[in-house]
Student: 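Pasting in a structure now, in structure tokens, and then I'll have a few things to ask.
By convention in this document, chain letters (A, B, ...) are assigned in the order of the sequence lines, proteins followed by strands, and residues within each chain are numbered from 1.
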2 protein chains.
Amino acid sequence: MDDAFQSLEKEKQERILNAAFKEFSEKGYKQASTNQIAKDAGIGKGTLFYYFGNKETLFNYLINEAFEIAYREYLSRIDFDETDFFNRIEEMSVLKWQVYARYERALSFMAHILMHSENYVLPEDLVKKRQKAEEIWGSLLTRNIDFSKFREDIPKETSLKFIRWTIEGFRAELEQRFKQADFQDYTNENLKPFYEEFYEHLDHLKKIYYKNSKGEQSKDVE
Amino acid sequence: MDDAFQSLEKEKQERILNAAFKEFSEKGYKQASTNQIAKDAGIGKGTLFYYFGNKETLFNYLINEAFEIAYREYLSRIDFDETDFFNRIEEMSVLKWQVYARYERALSFMAHILMHSENYVLPEDLVKKRQKAEEIWGSLLTRNIDFSKFREDIPKETSLKFIRWTIEGFRAELEQRFKQADFQDYTNENLKPFYEEFYEHLDHLKKIYYKNSKGEQSKDVE
DNA sequence: AAGATGATTGACCACTCTGGTCAGATATGG
DNA sequence: CCATATCTGACCAGAGTGGTCAATCATCTT
């Protein structure tokens with residue numbers, strides 16, 4: 001059959017895709033080994049080519065799949081009716097962690113190809129998808145946000161960048177910590193302390209970048 | 001001679017080291033190709049092995065060299081008598097850019113091996129150097145800093161992290177912009193607009209994270 | 001039970017690239 | 001002119017590459 005791969009049990013599909021996501025995002029297109037992918041997925045090398053024909057087709061399939069996931073599970077779910085900046089960013093972060101827990105490999109793969117986009121020529125039908133995704137992506141933190149709450153003595157765009165960078169820094173630190181501690185089990189239960197840390201940070205950021213309408217700032221000396 | 005490499009003109013040494021730095025930091029130890037390094041350095045493959053004997057020795061030489069540079073050109077030059085946090089961070093950043101302009105490849109290489117330290121076993125004499133470097137590194141933004149200037153309503157460690165993350169975010173954005181614009185010429189003249197942007201950011205951060213002794217914050221509405 | 005068809009495999013292919021060697025060429029200095 | 005140090009790329013065995021295919025296995029139909 002032509003789409004033998006589609007007819008597989010979902011679990012097997014996922015095993016194969018994850019193996020491929022992993023290999024490609026770790027080594028890039030050229031250095032990635034189809035042998036390794038097959039071995040990692042627990043199937044024969046011939047089977048892999050039976051499904052996808054050749055390396056390039058597999059790669060394009062992965063790109064499409066990753067974009068599909070990112071859109072379906074993340075971008076399309078943002079609630080643009082939420083106008084408070086910090087509520088929006090909280091919603092985004094929580095959603096992102098959930099997606100990451102479930103589709104870590106796919107998202108790492110996407111991050112890789114976005115980061116090294118110079119090296120890859122996307123097939124035409126994917127270019128549009130990419131543009132649309134980037135458009136939404138870029139508007140996540142700005143569309144329909146109530147910026148009147150922000151302090152006035154710093155340009156709004158600057159505040160926005162600073163907040164984004166701060167949260168990205170926190171995310172990177174978490175990733176580091178997870179890696180170091182061999183963190184595996186991304187259940188909500190296990191993540192609880194990190195969520196609390198995150199909310200604490202959000203509170204501080206709000207204190208910093210929102211207007212201080214109550215004038216609390218001046219209780220200086222301890 | 002045994003240290004034929006040391007007797008070369010500095011320029012040739014540097015060409016070879018840079019080629020090696022580049023290859024190793026892009027591909028990692030195993031995937032890096034000695035052929036590529038030789039070609040990139042503009043010397044015969046035999047010559048490379050004449051100098052270093054084998055791949056591993058070359059690699060260890062590079063690690064040592066990178067640490068040497070980081071210490072000599074950066075860590076040892078920080079002025080710990082400067083107690084103002086933002087002056088300290090400004091000094092560090094400027095110094096880092098200078099070093100980066102001159103030793104980009106070596107620093108990227110060091111970043112790579114620090115990032116993937118799980119994969120590499122350092123030779124014993126380097127472990128000590130690494131520890132010492134990390135010790136200094138970790139104290140750059142804390143030792144002999146006057147923390148009484150910071151606002152009191154946010155934990156000092158939190159403020160510190162936030163500032164670090166913000167500046168790291170700015171640095172990452174600059175790197176991105178440079179890459180996109182094929183920026184090559186790291187002369188002070190060319191960097192000027194970016195310096196100005198940086199100082200502006202520093203001012204804003206100071207306004208944000210230092211105590212607001214003059215109570216300026218409340219000039220709200222535009 | 002026999003046959004047919006699709007799914008799966010790994011040995012195999014031609015080819016590229018690997019780290020490393022070494023006989024010979026070239027440069028240097030006495 | 002020799003001796004010694006420097007430098008080279010053809011060459012090596014081995015590993016790994018993407019891709020093929022005859023053979024096996026599994027499932028279903030008749």
Student: Report, one pair per line, the protein and nucleotides 26-29 of chain C atoms (nitrogen or oxygen only) whose separation is under 3.5 Å.
Tutor:
none

Student: In whole angstrom, give the distance that lies between atom CZ of F49(B) and atom P of dT6(D).
Tutor: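 Distance check: F49(B) CZ to dT6(D) P gives 18 Å.
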Student: Name every residue in residues 34-44 of chain B that has at least one heavy atom under 4.0 Å from any atom of DNA chain C, in order of residue number, or write none if there are no such residues.
Tutor: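 Those residues are T34(B), N35(B).
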Student: Hey, could you give me each pair passing side chain to side chain donor-acceptor pair (under 3.5 Å) that has a residue in residues 175-184 of chain A? Not counting sequence neighbours.
Tutor: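 Matches after skipping sequence neighbours: R171(A)-E175(A), E173(A)-R177(A), R177(A)-E197(A).
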Student: State yes or no: are the ring centers of F170(A) and W165(A) separated by less than 6.0 Å?
Tutor: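 No, too far apart.
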Student: Using whole Å, report how far NZ of K45(B) lies from P of dC12(D).
Tutor: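 Distance, rounded to whole Å: 14 Å.
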Student: Grab the CZ-P distance between F52(B) and dC7(D) for me, whole Å please.
Tutor: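 My rounded result for the distance is 12 Å.
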Student: Give K12(A) one of three labels, base, sugar-phosphate or nothing, depending on what nucleic acid heavy atoms sit under 4.0 Å from its own.
Tutor: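 Touches sugar-phosphate only.
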Student: Tell me: CD of Q13(A) to P of dT8(C), nearest whole Å?
Tutor: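 For the pair Q13(A) CD and dT8(C) P, the rounded distance is 11 Å.
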Student: Kindly determine whether Y61(A) and F5(A) satisfy side chain to side chain contact (heavy atoms under 4.5 Å, CB included), including the steps that lead there.
Tutor: CA-CA 11 Å; Y61(A) 186 92; F5(A) 181 70; 3.6 Å; yes
Student: I need the CG-C1' distance between D3(B) and dT6(D), as an integer number of Å.
Tutor: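 The answer, rounded to whole Å, is 14 Å.
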Student: For Y71(B), give me all partners under side chain to side chain donor-acceptor pair (under 3.5 Å), at least two apart in sequence or on another chain.
Tutor: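 Side chain to side chain donor-acceptor pair (under 3.5 Å) list for Y71(B), sorted by chain: empty.
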Student: Using only heavy-atom distances, decide whether a donor-acceptor pair under 3.5 angstrom links the side-chain of K55(A) to the base of dG19(D).
Tutor: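 Not at all, since no donor on one side and acceptor on the other fall under 3.5 Å apart.
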Student: Rounding to an integer number of Å, can you tell me how far K30(A) NZ sits from dC15(C) P?
Tutor: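 Taking NZ of K30(A) and P of dC15(C), I get 17 Å after rounding.
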Student: Which residue lies toward the 5' end of DNA chain D, G46(A) or E9(B), if each is placed at its nearest nucleotide?
Tutor: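 Taking each residue's closest nucleotide, the earlier one in sequence belongs to E9(B).
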Student: How long is the line joining CG of L48(A) and P of dG19(D), in whole Å?
Tutor: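 Taking atom P of dG19(D) as the reference, CG of L48(A) is at 10 Å.
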Student: Which residues pass the side-chain contact (heavy atoms from CB on, under 4.5 Å) test with I145(A), sequence neighbours left out?
Tutor: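 I145(A): side-chain contact (heavy atoms from CB on, under 4.5 Å) contacts with F85(A), R88(A), F147(A).
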Student: Taking only residues two or more places apart in sequence or in another chain, which ones pass salt bridge (charged side-chain N to carboxylate O under 4.0 Å, His left out) with R164(B)?
Tutor: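 R164(B): no salt bridge (charged side-chain N to carboxylate O under 4.0 Å, His left out) contacts found.
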Student: Between Y50(A) and dT20(D), is there a side-chain N or O to OP1/OP2 distance below 4.0 Å?
Tutor: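 No, because none of the side-chain N or O atoms of Y50(A) sits under 4.0 Å from OP1 or OP2 of dT20(D).
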Student: Would you please name every residue forming a side chain to side chain donor-acceptor pair (under 3.5 Å) with N64(A), sequence neighbours left out?
Tutor: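 Only K129(A) meet the side chain to side chain donor-acceptor pair (under 3.5 Å) criterion with N64(A).
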Student: Could you tell me which residues satisfy side chain to side chain donor-acceptor pair (under 3.5 Å) with E134(B), sequence neighbours excluded, listed by chain and number?
Tutor: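 So E134(B) forms a side chain to side chain donor-acceptor pair (under 3.5 Å) with R130(B).
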Student: Output the rounded distance in Å from CD (Q31(B)) to P (dA15(D)).
Tutor: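 Going from Q31(B) (CD) to dA15(D) (P), I get 16 Å.
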Student: Compile the donor-acceptor pairs under 3.5 Å between side chains in residues 107-116 of chain A and protein atoms, sequence neighbours left out, one pair per line.
Tutor:
unit_1: S108(A); atom_1: OG; unit_2: E104(A); atom_2: O; d: 3.1
unit_1: H112(A); atom_1: ND1; unit_2: S25(A); atom_2: O; d: 3.2
unit_1: H112(A); atom_1: NE2; unit_2: Y120(A); atom_2: OH; d: 3.1
unit_1: H116(A); atom_1: ND1; unit_2: H112(A); atom_2: O; d: 2.9

Student: Name the nucleic acid region contacted by S33(B), choosing base, sugar-phosphate or nothing; use a 4.0 angstrom heavy-atom cut-off, strictly under.
Tutor: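 The residue S33(B) makes sugar-phosphate contact but no base contact.
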